[in-house]
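Note on naming: letters A, B, ... go to the chains in the order of the sequence lines (proteins, then strands), and numbering restarts at 1 for each one.
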There are 2 protein chains.
Amino acid sequence: MELTCIDHSGVEPLYYQIQQQLFERIRLGELKAGDPLPSEQEISTRLGVSRMTARLAIKSLCEVGIVYSKQGKGSFVSGLKLEKNFRQVLSFSEEMAQSGRRPESRPLGFDIVPAEGEVALALSLKPQEKVIRLRRLRIADSVPLGIESSYIPEKLCPDLKATFDPRTSLYQTLSARYGIQIAIADEVVEAGLAKGEKARLLRIAKGSPVFIFTRISYVQQGQAVEYVKSTYRADRYKIVNRLVRVKHRFAVQEDAKSS
Amino acid sequence: MELTCIDHSGVEPLYYQIQQQLFERIRLGELKAGDPLPSEQEISTRLGVSRMTARLAIKSLCEVGIVYSKQGKGSFVSGLKLEKNFRQVLSFSEEMAQSGRRPESRPLGFDIVPAEGEVALALSLKPQEKVIRLRRLRIADSVPLGIESSYIPEKLCPDLKATFDPRTSLYQTLSARYGIQIAIADEVVEAGLAKGEKARLLRIAKGSPVFIFTRISYVQQGQAVEYVKSTYRADRYKIVNRLVRVKHRFAVQEDAKSS
DNA sequence: CTCATCTGGTTGTCTATACAAGATGGCGTA
DNA sequence: TACGCCATCTTGTATAGACAACCAGATGAG
């Protein structure tokens with residue numbers, strides 16, 4: 001497949017069509033790691049678009065890390081696997097789908113409680129405001145994997161408690177019924193030991209290692225919409241990360257506590 | 001502080017100067033969460049640059065998540081904390097500096113061994129090729145924090161063994177002496193229990209929870225340069241992540257295993 | 001042969017302009 | 001009053017052109 005047939009009619013942006021064609025060629029292995037992409041000039045003349053448009057397409061591929069550019073040399077396919085999308089906020093179902101496992105959820109509790117302590121703090125609520133609390137046992141391929149407790153301000157989704165089926169996707173419901181699209185989440189990961197009720201629910205011995213996640217999800221405007229605390233079995237769950245080395249442009253200097 | 005004084009002499013790119021000015025105003029709290037940034041038009045006329053240049057400055061702020069744009073409305077400061085840089089490849093010293101702790105390293109071993117098993121696989125080496133192995137105890141504020149074993153192909157840095165002081169920064173040396181700049185790393189995080197020698201070195205009880213990191217670092221071209229396996233105390237170490245919800249443009253569909 | 005220079009190709013930055021598309025408020029008409 | 005249309009602001013997309021910075025290979029002089 002070569003770079004061809006750009007639709008100039010305007011239904012889809014030109015740079016997006018080019019980006020998708022290039023991405024497809026990479027995904028199919030037609031362009032392999034280290035291979036040079038067509039130069040901006042070449043794309044420009046071959047497809048009859050301006051160089052800036054071709055450039056925009058390539059830059060958007062650079063942003064997700066599957067391509068890199070070198071001044072004076074060209075743009076190249078990076079040698080990184082694209083098997084997984086790292087750094088994503090994923091729902092449990094999405095996560096399981098990515099790793100090819102069959103997800104299942106068993107509700108452990110679904111009620112409305114006043115926000116208190118860390119929950120109120122994380123969601124910027126006054127201590128008396130109501131939150132919807134949803135506790136679920138997460139199951140992968142019939143094996144208990146983790147326990148999740150979600151807290152969502154009731155004012156954001158008034159009748160969620162009445163209409164939501166706790167076995168389905170919370171994120172999908174928030175998006176479809178309330179127009180709440182989660183854009184970013186901050187997550188703290190700790191390691192600990194399973195004990196008591198949690199060990200029993202997860203069917204592991206007391207003292208087994210577990211991951212403890214604390215996650216706050218935000219919409220793009222920055223408002224917190226969800227606080228989640230969860231415990232996952234460490235023998236059946238691991239975290240895969242892709243880290244990037246930043247070129248200290250936005251390095252936030254430490255507050256001068258020591259000086 | 002207002003948008004002022006752009007240096008047109010060409011030492012620093014214009015869009016970069018503008019980006020830095022805006023970033024500084026946000027960092028100082030002069031522009032708070034939810035506040036609109038000056039419009040592209042306004043920046044353009046006020047500073048005497050073209051709108052595309054102003055746009056480039058704003059877009060680069062969007063990329064790191066501290067600003068978002070809405071067609072027809074404007075660009076706004078997002079409500080996200082920028083206290084930390086998330087998801088970076090950091091050296092131990094850099095990481096400690098960010099959290100305001102005093103780093104220290106005690107070498108536990110420094111030798112050259114043949115690559116075997118997982119190490120050879122990760123670094124794409126033939127089983128007989130030599131790797132430099134460096135084991136270090138990582139200490140923060142005089143408290144043992146973790147044990148790290150790094151493996152680096154000897155051919156990439158021939159006389160490292162002879163010249164490198166194991167108490168200093170490995171990344172800095174790789175960059176300064178060999179021109180090896182690490183650009184990306186893939187990391188797997190597991191949770192486990194401390195036992196035997198590791199528990200003793202870390203001064204924790206056997207059976208205490210620990211993080212187990214397995215990291216492979218790459219240069220931008222994709223070649224692996226370092227394999228690290230490390231064990232960190234979970235009572236003194238936690239992971240902080242920022243996740244983004246991607247707009248399924250690059251979603252890699254699952255291999256059709258089920259169909 | 002060796003080394004400096006030139007030259008063409010590439011990405012990086014920047015300008016000036018244009019129209020499309022979404023948001024918002026006002027104005028006028030029904 | 002209520003509603004639709006319009007003017008105007010915003011960002012999004014696209015063009016054509018220009019020069020700078022960088023890289024690599026060819027060419028030439030010594």
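- Per the geometry, OH belonging to A:Tyr16 stands 19 Å off C1' belonging to C:dA20, to the nearest Å.
- Partners of A:Phe76 by ring pair (Phe, Tyr, Trp, His ring centres under 6.0 Å), not counting sequence neighbours, listed by chain and number: A:Tyr68.
- The salt bridge (charged side-chain N to carboxylate O under 4.0 Å, His left out) contacts involving residues 12-22 of chain A comprise nothing, where partners must be two or more places apart or lie in separate chains.
- For the residue pair A:Ser169 and A:Phe164, the shortest heavy atom distance occurs at O-CE1, 3.7 Å.
- With distances taken from any side-chain atom of A:Pro13 to the nucleotides D:dT13, C:dA16, D:dT15, the minimum falls on D:dT13.
- Atom CD of A:Gln19 is separated from atom P of D:dT13 by 11 Å (rounded to the nearest Å).
- Look at CE on A:Met52: it is 15 Å from C1' on C:dA18, rounded to the nearest Å.
- The interatomic distance linking B:Leu14 (CG) with D:dA18 (P) rounds to 20 Å, in whole Å.
- Applying the 4.0 Å criterion to OP1 and OP2 of D:dT15, one finds that A:Thr53 has a side-chain N or O inside that range.
- We find that CG of B:Leu47 is positioned 10 Å from P of C:dT15, with the value rounded to whole Å.
- At whole-Å resolution of the value, CD1 in B:Ile6 and C1' in C:dT15 are 15 Å apart.
- Annotation: salt bridge (charged side-chain N to carboxylate O under 4.0 Å, His left out) contacts of B:Asp7 (sequence neighbours excluded): none.
- Note: CG (A:Asp7) to C1' (D:dT13) measures 14 Å, nearest angstrom.
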(message) Checking B:Glu42 against B:Ser39 for the side-chain hydrogen bond (donor to acceptor under 3.5 Å, both in side chains) test, could you report, in this order, the C-alpha distance in whole Å, the side-chain angles of both residues, the deciding distance, and whether it holds?
(response) CA-CA 5 Å; B:Glu42 192 179 338; B:Ser39 76; 4.5 Å; no

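- The end-to-end axis angle of the helix from C:dC1-D:dG30 to C:dA30-D:dT1, rounded to 10 degrees and based on five pairs per end, is 10°.
- Rounded to the nearest 0.5 Å, atoms CD (B:Glu226) and CZ (B:Arg215) are 6.5 Å apart.
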Donor-acceptor pairs under 3.5 angstrom involving side-chain atoms of residues 119-131 of chain B: please list them, not counting sequence neighbours.
{"residue": "B:Glu129", "atom": "OE1", "partner": "B:Lys155", "partner atom": "NZ", "Å": "3.2"}
{"residue": "B:Glu129", "atom": "OE2", "partner": "B:Lys126", "partner atom": "N", "Å": "2.9"}

(request) Mark up nucleotides 3-12 of chain D, 5' to 3', with B wherever a protein heavy atom is under 4.0 angstrom from a base atom, S wherever such an atom reaches only the sugar-phosphate, and - elsewhere. (result) -------BBB

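- Side-chain contact check for B:Lys59 versus B:Tyr15: every heavy-atom pair is 4.5 Å or farther apart.
- Contact annotation: the side chain of B:Ile58 approaches that of B:Ile43 to within less than 4.5 Å [non-hydrogen atoms, C-beta and beyond].
- Taking atom CD on A:Gln17 and atom P on D:dT13, their separation rounds to 12 Å, with Å as the unit.
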